[in-house]
Each structure stands twice: as structure tokens, then as C-alpha cells.
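Throughout, a chain's letter reflects where its sequence line sits, starting with A, and its residues are numbered from 1. Side-chain atoms are counted along with the backbone in the values below, which use heavy atoms only and exclude waters and symmetry mates.
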There are 2 protein chains.
Amino acid sequence: MTDGHESAPTGVRRTTRQRTAVSSALAETGGFLSARDLHDRLAAQGERVGIATVYRTLASLASTGEVDVLLRDDGESVYRRCSSAHHHHLVCRECGRTEEVTGPTVEAWATAEAERHGFRDVRHTVEITGICATCTL
Amino acid sequence: MTDGHESAPTGVRRTTRQRTAVSSALAETGGFLSARDLHDRLAAQGERVGIATVYRTLASLASTGEVDVLLRDDGESVYRRCSSAHHHHLVCRECGRTEEVTGPTVEAWATAEAERHGFRDVRHTVEITGICATCTL
DNA sequence: GTGAACATGAGAATCAGTATCAACTAGCGC
DNA sequence: GCGCTAGTTGATACTGATTCTCATGTTCAC
Ligand SMILES: [Zn+2]
Ligand SMILES: [Zn+2]
Ligand SMILES: [Zn+2]
Ligand SMILES: [Zn+2]
């Protein structure tokens with residue numbers, strides 16, 4: 001209220017040890033990791049990164065589409081470095097193995113169904129889970 | 001540790017004032033309600049029900065399929081009395097209005113896609129959101 | 001009625017995620 | 001290199017949802 005001593009980020013994204021660490025840790029892993037998983041993994045590697053920074057970095061990466069965010073059934077969010085094109089996931093409930101899947105059919109269905117009900121600006125989330133071949137053995 | 005004074009529920013579901021209250025409150029509402037919404041609504045009606053009981057009742061109703069559970073983006077769960085047949089939801093991001101939708105197409109696609117990857121015991125979640133006609137005006 | 005099994009609720013505990021804010025540093029101009 | 005400033009960090013407090021504890025209250029079969 002008094003004056004302009006605030007620091008409203010102008011959009012400049014700096015490279016820091018922490019951000020690099022989070023990105024690489026994420027890149028080294030195929031599956032989904034929660035913020036805490038990532039934090040622990042970094043700690044194990046000797047990379048000290050505050051949990052708050054992990055969350056901030058993940059949010060940032062997610063906003064640029066560099067990682068996918070999945071809200072697990074228990075409410076915890078998990079992140080994964082992902083192709084940026086629109087797709088969905090097929091996740092193994094046993095081992096967490098993940099496959100990316102696409103479905104033009106679903107996309108069309110979702111849009112059509114929404115329009116039929118007069119909805120606009122449509123978005124959707126689709127997740128498929130199951131037990132993968134390996135875990136079935 | 002001493003003897004068998006424990007109380008491992010054997011599956012008998014009793015009728016109580018609280019459970020009835022939660023069920024009716026849920027039935028009176030068309031849309032989704034969070035546990036807290038429900039708790040507040042009951043309180044407003046003069047029905048004193050502990051929040052823990054609300055959660056327990058909702059969990060119970062959800063397990064029998066009497067209500068649907070939706071995990072919102074912010075991580076809070078919302079509940080709604082629902083038809084028991086398998087279906088999905090089309091929700092307005094503005095007013096919360098909800099439509100139930102079904103899609104043989106999606107069901108088939110999800111199953112086929114999962115099998116193609118060797119997954120079994122497949123389940124899926126599909127949610128469509130948008131802005132409804134009323135909110136567009 | 002009785003009593004054992006079940007249910008309740010106040011409050012503590014848990015837990016993911018966010019807000020604070022003083023200390024820190026990348027990147028830029030010199 | 002040097003210094004400056006805006007962007008970053010992280011220890012920690014906090015929030016808000018959901019679960020746990022356990023002493024006390026109820027339901028319902030017999
Ligand atoms: Zn598996
Ligand atoms: Zn899609
Ligand atoms: Zn609406
Ligand atoms: Zn379905």
C-alpha cells in the first residue's frame with residue numbers, strides 16, 4: 001500500500017543448482033514421483049534442495065508442460081517428465097509402470113458429449129489403471 | 001494385549017440418526033458436496049453430526065456405491081448421490097452443475113488400450129469439465 | 001430389558017502443500 | 001572482476017483436509 005518495494009517477478013527464469021537438480025532427477029526416472037519422493041531422492045544423492053523449492057520447481061515445470069501432473073487417488077500429486085503432446089496414462093497399480101496412450105476417439109467423444117449438453121471450453125482427464133503383464137506373472 | 005475386548009466390526013451396519021441425516025442431506029442436493037459442505041449444511045439444519053462421522057458415513061456410502069466420489073483438482077474429495085450404473089461426469093467449472101454421461105466408446109477404448117499393453121484388471125476414471133450454457137450467458 | 005458389538009465425537013495427530021521473509025545469487029552492465 | 005537488483009532459496013510456521021484415539025453413547029438380536 002505504501003510504495004513499490006515489491007518484487008513482482010517479470011518472467012525471467014534463472015538457472016540454479018536446485019532447478020537443474022530437480023530436472024535431472026526427474027529425467028533420470030521413467031515413472032511418476034511425488035514431490036517428496038523427489039526430495040528424498042535428491043537428498044540421497046547429496047543434493048540439498050528445500051522441499052518448498054521442489055514444489056515450486058515442479059509447479060513451474062508443469063506450467064510449461066515439461067512435466068505431467070497426476071493426482072493420485074490418495075490425493076497426492078505425482079510428476080513425470082513427459083511428451084508435451086496431449087495424451088493420457090495407463091498405470092500399473094502394482095509397480096507403477098506407466099505407458100502413455102492417446103485416444104482420438106476419447107477426445108472426440110468428450111468434446112461431443114460436452115457440446116451436446118451446451119458446455120464450452122471443455123477439458124478432460126482420463127486415467128487408466130490395471131496390473132501390468134510383469135506383475136501378473 | 002490382555003484379552004479379547006477389541007471390537008472388530010463383523011459387517012453389521014446399524015441405523016443411526018447421524019447416518020440418516022447424512023444420507024438425506026446428500027439426497028436433497030443435486031450437486032457434489034465436500035465433507036465439510038455437508039457438515040455445515042447439517043449444522044445449519046440443527047443436525048449435530050461430528051465431522052469424523054460425516055467422513056466415515058461418506059466412506060461407507062461410497063464403498064457400497066450409493067454415492068460417487070470425485071477428487072477435485074485442489075485435492076478435496078466431493079461426494080454425490082448417484083446412479084449406481086457405471087458412468088462419468090460432466091461438470092461446470094463455474095457453478096458446479098453436473099451431468100452424468102456414459103460412453104460405450106470410452107469404455108471400449110480404455111479396455112482395448114489396456115489389453116494392447118498387456119494390462120489386466122483394468123479400471124479408469126474420466127472427468128469432463130467445461131462452462132455450462134447458463135454460465136456462458 | 002440386557003449386553004456385546006457398533007457407532008460417535010472431541011480433539012490430537014498426520015500430511016501434502018502453501019505462505020513468510022530474511023539471506024542468498026544469477027545475470028547484466030560497467 | 002565488481003556491484004547491483006530482481007529473482008531464488010529454505011527453515012519454519014501455517015493451513016486445510018482427512019484420519020486416529022478412545023472414552024462414552026446407541027442399536028438391536030435374544
Ligand atoms: Zn506392474
Ligand atoms: Zn484427452
Ligand atoms: Zn455453470
Ligand atoms: Zn467408464
Side-chain angles (χ1 to χ4, degrees), chain A residues 1-23 25 32-43 45-64 67 69-80, chain B residues 1-26 32-43 45-64 67 69-80:
Chain A
M1 298 298 178
T2 44
D3 60 281
H5 270 246
E6 306 310 308
S7 52
T10 60
V12 185
R13 195 155 290 180
R14 293 181 181 171
T15 304
T16 65
R17 170 182 66 78
Q18 293 90 336
R19 286 179 188 176
T20 304
V22 170
S23 288
F32 283 95
L33 291 175
S34 68
R36 198 159 298 272
D37 289 339
L38 210 35
H39 182 252
D40 292 347
R41 190 164 295 223
L42 289 171
Q45 289 175 17
E47 283 284 6
R48 230 89 51 48
V49 180
I51 187 69
T53 297
V54 173
Y55 275 111
R56 277 188 292 241
T57 304
L58 287 173
S60 169
L61 289 172
S63 78
T64 64
V67 305
V69 189
L70 230 63
L71 192 51
R72 274 195 325 219
D73 283 354
D74 68 351
E76 185 171 10
S77 295
V78 285
Y79 307 78
R80 181 196 181 193
Chain B
M1 303 303 177
T2 46
D3 60 284
H5 270 247
E6 304 312 308
S7 51
T10 60
V12 186
R13 197 154 291 179
R14 294 179 178 170
T15 304
T16 66
R17 170 182 65 79
Q18 293 89 337
R19 285 178 189 179
T20 304
V22 170
S23 287
S24 357
L26 215 38
F32 284 95
L33 290 176
S34 69
R36 193 160 296 273
D37 288 340
L38 210 36
H39 181 253
D40 291 348
R41 191 164 294 222
L42 289 171
Q45 289 174 18
E47 282 286 5
R48 226 82 54 54
V49 180
I51 188 71
T53 297
V54 172
Y55 275 109
R56 278 188 291 243
T57 304
L58 286 172
S60 169
L61 290 173
S63 78
T64 63
V67 304
V69 189
L70 229 65
L71 192 52
R72 272 195 324 218
D73 283 355
D74 68 352
E76 184 170 12
S77 295
V78 285
Y79 307 78
R80 180 197 182 192

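- Crowding of B/Arg17 atom CZ: a count of heavy atoms from other residues, nucleotides or ligands under 6.0 Å exceeding 12.
- At the phosphate of D/dG7, neither OP1 nor OP2 sits under 4.0 Å from any side-chain N or O atom of A/Thr16.
- The nearest whole Å value for the distance from the CG atom in B/Leu42 to the P atom in C/dT8 is 12 Å.
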For A/Arg19 and A/Ser60, what are the C-alpha separation, side-chain angles and deciding distance, and is it a side-chain contact (heavy atoms from CB on, under 4.5 Å)? CA-CA 10 Å; A/Arg19 286 179 188 176; A/Ser60 169; over 6 Å; no
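- In the model, A/Ser34 has a side-chain atom that pairs as donor or acceptor with a side-chain atom of A/Glu76 under 3.5 Å.
- C/dA16 atom P lies 17 Å from atom CG of A/Leu70, rounded to whole Å.
- The side chain of B/Arg56 lies closest to D/dT21, out of D/dT9, C/dG17, D/dT21.
- Regarding A/Ile51, its CD1 atom lies at a distance of 19 Å from the P atom of D/dT8, rounded to whole Å.
- Closest of all the heavy-atom pairs between B/Leu26 and B/Tyr79 is CD1-O, 4.1 Å.
- The distance from atom NE2 of B/His39 to atom P of C/dG11 is 12 Å, rounded to the nearest whole Å.
- Dense packing is recorded around CZ of B/Arg72, with more than 12 heavy atoms of other residues, nucleotides or ligands lying under 6.0 Å away.
- Of the residues listed (B/Val49, B/Asp37, B/Asp40, B/Leu33), the one engaging B/Val54 in a side-chain contact (heavy atoms from CB on, under 4.5 Å) is B/Val49, and it is the only one.
- An OP1 or OP2 oxygen of D/dA17 is reached within less than 4.0 angstrom by no side-chain nitrogen or oxygen of B/Ser34.
- Note on B/Glu47 versus B/Arg41: no salt bridge recorded, every NZ/NE/NH1/NH2 to OD/OE distance being 4.0 Å or above.
- Within the structure, a side-chain polar atom (N or O) of B/Gln18 is placed less than 4.0 Å from OP1 or OP2 of C/dG9.
- Summarising the local packing, CG of B/Asp73 is surrounded by 12 or fewer heavy atoms from other residues, nucleotides or ligands at distances under 6.0 Å.
- Distances shorter than 4.0 Å separate some side-chain N or O of B/Thr53 from OP1 or OP2 on C/dG9.
- Proximity of B/Tyr55 to the phosphate of D/dT18: a side-chain N or O atom is located under 4.0 Å from OP1 or OP2.
- Heavy atoms of B/Arg36 sit under 4.0 angstrom from at least one base atom.
- Residue A/Arg17 has a polar side-chain atom (N or O) positioned under 4.0 Å from OP1 or OP2 of D/dG10.
- Closest to the side chain of B/Arg19, from the set D/dT8, C/dA10, C/dA7, is C/dA7.
- Residue B/Leu71 contributes atom CG, which lies 18 Å from atom P of C/dC15 at whole-angstrom precision.
- Residues A/Thr15 and B/Val49 each lie close to DNA chain C; by heavy-atom proximity, the contact nearer the 5' end of the strand is made by B/Val49.
- Toward the 5′ end of DNA chain D lies the nearest nucleotide of A/Ala52, the other residue of the pair B/Arg14 and A/Ala52 mapping further downstream.
- Of the two residues contacting DNA chain D, namely B/Val78 and A/Arg48, the nearest-nucleotide position lying further toward the 5' end is that of A/Arg48.
- Summarising the geometry, the separation between CZ on A/Arg13 and P on C/dT25 is reported as 21 Å, rounded to the nearest angstrom.
- Rotation axes derived from the C1' atoms of the five outermost pairs at either end of the helix from C/dG1-D/dC30 to C/dC30-D/dG1 lie 30° apart, to the nearest 10°.
- Put simply, CG on A/Asp74 is 10 Å from P on D/dT19, counting in whole angstrom units.
- For the pair B/Glu76 CD and C/dA16 C1', the computed distance is 14 Å after rounding to whole Å.
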